[in-house]
Structures are given as C-alpha cells and as structure tokens.
Amino acid sequence: MKVATNKFWKDDFNPNDYDDIKSAEVERERLRQENSTTNWIYVGTDIRHFDEAKIGLTSGALGTRASSSQNPHFTLLCAFKVKDGITPLKLAEIEESVKTMLCGRYEAIPHYGSRWNSEWFRVSPQEMREVVQHFLYDNYNWYMYSYYCHERDEGVINGWENTRLINGGDNLRYGPRDLSTRPIAFECLTFPGCGEDCDCW
C-alpha cells in the first residue's frame with residue numbers, strides 16, 4: 001500500500017492501490033486532513049505577560065499569525081486544527097463560541113482606545129490551551145481534525161505547539177500532528193518494537 005508523506009500527496013495517490021473504493025476514499029480524506037495547513041483556532045501569548053493569552057482564528061496558514069508587526073513580543077503557544085473544507089460561516093461560529101465561553105470564565109481585556117473587548121484574556125496561555133481544547137472537542141469534534149482515544153477515555157485534537165517556547169527546542173513546521181501523550185503499546189516493550197513511527201528500541 002502506497003502512503004504519501006509530502007505536500008504533493010495528491011500526485012502520488014492512486015485509488016487502485018486500495019482494496020475497494022470506500023477504503024481508498026477514507027485514506028484520501030485522511031491524507032487531505034493530515035496535509036492541510038489552513039483553518040486553525042490558536043492560543044497566543046505575549047512573552048512579557050504569561051498571565052494573559054489571546055484566542056484567535058485563521059482560515060489561512062498558521063504562519064500568518066505566528067508574529068505581530070505591532071507587538072514583537074507576541075508568539076503562538078499552540079493551535080488546534082479545524083478540518084479542511086469547513087465553511088467560513090462555521091469557522092466564524094466556532095471562533096465566536098470559544099470567545100463567548102472564555103468571556104464567561106475569564107476577564108476579557110478591553111482595547112485601550114475603544115474599550116471594546118479584545119481577543120485577550122487574563123488567564124495563563126497554558127490554562128487557556130487546556131480549556132479551549134476540551135471545549136472544542138466537547139462541542140465541535142466533528143469539525144476538528146480529532147479522534148477519540150478509548151484507552152485513555154479522552155478526545156484528542158491534532159494541532160501544532162511552539163516547542164521553542166515550551167521547552168527551548170526547535171519549532172516544527174506548521175502542520176497538524178498528534179500532540180497527546182499516547183499510551184505505550186505492549187509491542188513497544190519487546191524487540192523489535194511496535195512497528196509504528198516511534199523509537200521503541
């Protein structure tokens with residue numbers, strides 16, 4: 001079975017490599033979502049104020065929100081992947097719903113000039129990340145690039161995180177990946193390993 005691993009997966013995808021039309025379409029959709037780089041709900045922070053966090057949406061590439069020309073101290077903490085193909089109207093609904101939820105839990109920081117509420121809240125970015133992840137999965141998992149893990153009894157949304165900010169490492173490319181702590185398969189405990197893309201041995 002051929003598995004495409006780069007952004008040109010459409011050129012390499014051949015439905016004849018699969019047992020039937022249904023399995024080919026399932027794999028085509030999985031690859032489409034895995035390789036999509038647009039539609040994100042993100043959590044941002046100002047590195048001078050770790051008691052404040054920003055919620056936002058981009059229907060474009062995540063890199064367009066990674067920095068701010070008005071605030072050089074702004075950076076993204078993480079982003080949650082909304083499925084490719086979701087309508088702009090649904091994206092706006094999801095964003096507005098997240099903001100409404102946050103307004104009910106935290107103090108919104110108003111713009112200095114207009115006094116209208118901004119997308120910034122008085123909460124640590126790490127706490128916002130947790131709250132938003134649970135809210136999105138509980139209310140919009142059908143629209144998120146996500147799955148349910150029965151072993152851990154929890155929902156997981158694929159996304160991106162700022163590894164440089166979190167642990168000083170190099171940032172990975174902008175793209176969705178499983179950021180959860182996955183359970184160790186029993187195959188990992190015996191040579192040669194589980195066969196998945198991990199370093200068992």
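Since this is a predicted model, take the numbers as computed values, not measurements.
- Residues that satisfy the salt bridge (Lys or Arg N to Asp or Glu O under 4.0 Å) test with E52, not counting sequence neighbours, are R122.
- Judged as a salt bridge (Lys or Arg N to Asp or Glu O under 4.0 Å), the pairs with a partner in residues 64-88 (not counting sequence neighbours) are, in order, R32-D84.
- With sequence neighbours excluded, the residues that form a salt bridge (Lys or Arg N to Asp or Glu O under 4.0 Å) with E93 are K90.
- Between the CD1 atom of I86 and the OG atom of S36 there is a distance of 10.0 Å, given to the nearest 0.5 Å.
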Start with the C-alpha gap between K54 and T45, add the side-chain angles, then the distance that decides, and say whether side-chain contact (heavy atoms from CB on, under 4.5 Å) holds. CA-CA 6 Å; K54 179 187 186 298; T45 186; over 6 Å; no

Is there a side-chain contact (heavy atoms from CB on, under 4.5 Å) between V131 and M101 once you walk through the steps? CA-CA 9 Å; V131 168; M101 177 275 296; 3.6 Å; yes

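- The salt bridge (Lys or Arg N to Asp or Glu O under 4.0 Å) test applied to R115 returns no partner, not counting sequence neighbours.
- Every side chain to side chain contact (heavy atoms under 4.5 Å, CB included) that D20 has, sequence neighbours left out, goes to K22, S23.
- Counting side-chain heavy-atom gaps under 4.5 Å among Ile, Leu, Val, Met, Phe, Trp and Tyr, the cluster of I109 also holds W40, Y42, L62, F74, L76, W120, W160, Y174.
- The environment of N167 atom CG is dense: over 12 non-hydrogen atoms of other residues, nucleotides or ligands sit within 6.0 angstrom.
- Atom CZ of F135 sits about 9.5 Å away from atom CD1 of I94, to the nearest 0.5 Å.
- Using a 4.5 Å heavy-atom cutoff, the side chains of D51 and S124 are not in contact.
- When the side chains of ILVMFWY residues are joined at heavy-atom separations under 4.5 Å, either directly or via intervening members, L89 and L57 end up in two distinct hydrophobic clusters.
- Atom OG1 in T87 sits 9.5 Å away from atom CG in N39 (nearest 0.5 Å).
- A single hydrophobic cluster is not seen to contain both V26 and M144; linkage of ILVMFWY side chains at heavy-atom distances under 4.5 Å, directly or through other members, places them apart.
- Side-chain contacts under 4.5 Å among hydrophobic residues (ILVMFWY), followed directly or transitively, place Y112 with no other residue at all.
- Rounding to the nearest 0.5 Å gives a distance of 9.5 Å between OH of Y137 and OH of Y147.
- Residues satisfying the side chain to side chain donor-acceptor pair (under 3.5 Å) test with T38, not counting sequence neighbours, are none.
- Here the OG-CG distance, from S146 to L136, works out to 9.5 Å after rounding to the nearest 0.5 Å.
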Could you give me the CA-CA distance, side-chain angles and deciding distance for L102 and K99, then say whether side-chain contact (heavy atoms from CB on, under 4.5 Å) is met? CA-CA 5 Å; L102 291 171; K99 287 180 186 176; 5.7 Å; no

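- Taking E25 as the reference, I21, R28 meet the side chain to side chain contact (heavy atoms under 4.5 Å, CB included) condition, with sequence neighbours excluded.
- Using a 4.5 Å heavy-atom cutoff, the side chains of E119 and E95 are in contact.
- Under the rule for a side chain to side chain donor-acceptor pair (under 3.5 Å), E96 has no partner lying at least two apart in sequence or in another chain.
- Shown here are the side chain to side chain donor-acceptor pair (under 3.5 Å) partners of T58, two or more places apart in sequence or in another chain: there are none.
- Of the possible donor and acceptor atoms, one in the side chain of N171 sits under 3.5 Å from a partner among the backbone N and O of R164.
- Applying the side chain to side chain contact (heavy atoms under 4.5 Å, CB included) criterion to I166, with sequence neighbours excluded, gives L77, R129, E161.
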Test side-chain hydrogen bond (donor to acceptor under 3.5 Å, both in side chains) on Q33 and E29; report intermediate values, then the result. CA-CA 6 Å; Q33 298 302 336; E29 179 62 13; 2.7 Å; yes

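- Hydrophobic clustering of Ile, Leu, Val, Met, Phe, Trp and Tyr side chains at less than 4.5 Å, counting indirect connections, keeps L179 apart from V132.
- One distance of note links SG of C103 with CG of N117; it measures 5.5 Å at 0.5 Å rounding.
- Residues M128 and F121 meet the side-chain proximity criterion, which asks for heavy atoms closer than 4.5 Å.
- Scanning both residues, V43 and P125, for their nearest heavy atoms gives CG1-O, 3.9 Å.
- At a threshold of 4.5 Å between side-chain heavy atoms, the hydrophobic network of Ile, Leu, Val, Met, Phe, Trp and Tyr places Y140 and Y145 in two separate groups.
- A heavy-atom distance below 4.5 Å is found between the side chains of H49 and D46.
- Transitive grouping of hydrophobic side chains (ILVMFWY, heavy atoms separated by less than 4.5 Å) keeps L172 and L165 in distinct clusters.
- Closest non-hydrogen pair, H111 versus S114, comes out as CB-OG, 3.5 Å.
- T163 contributes a side-chain N or O that, together with a main-chain N or O of D170, makes up a donor-acceptor pair within less than 3.5 Å.
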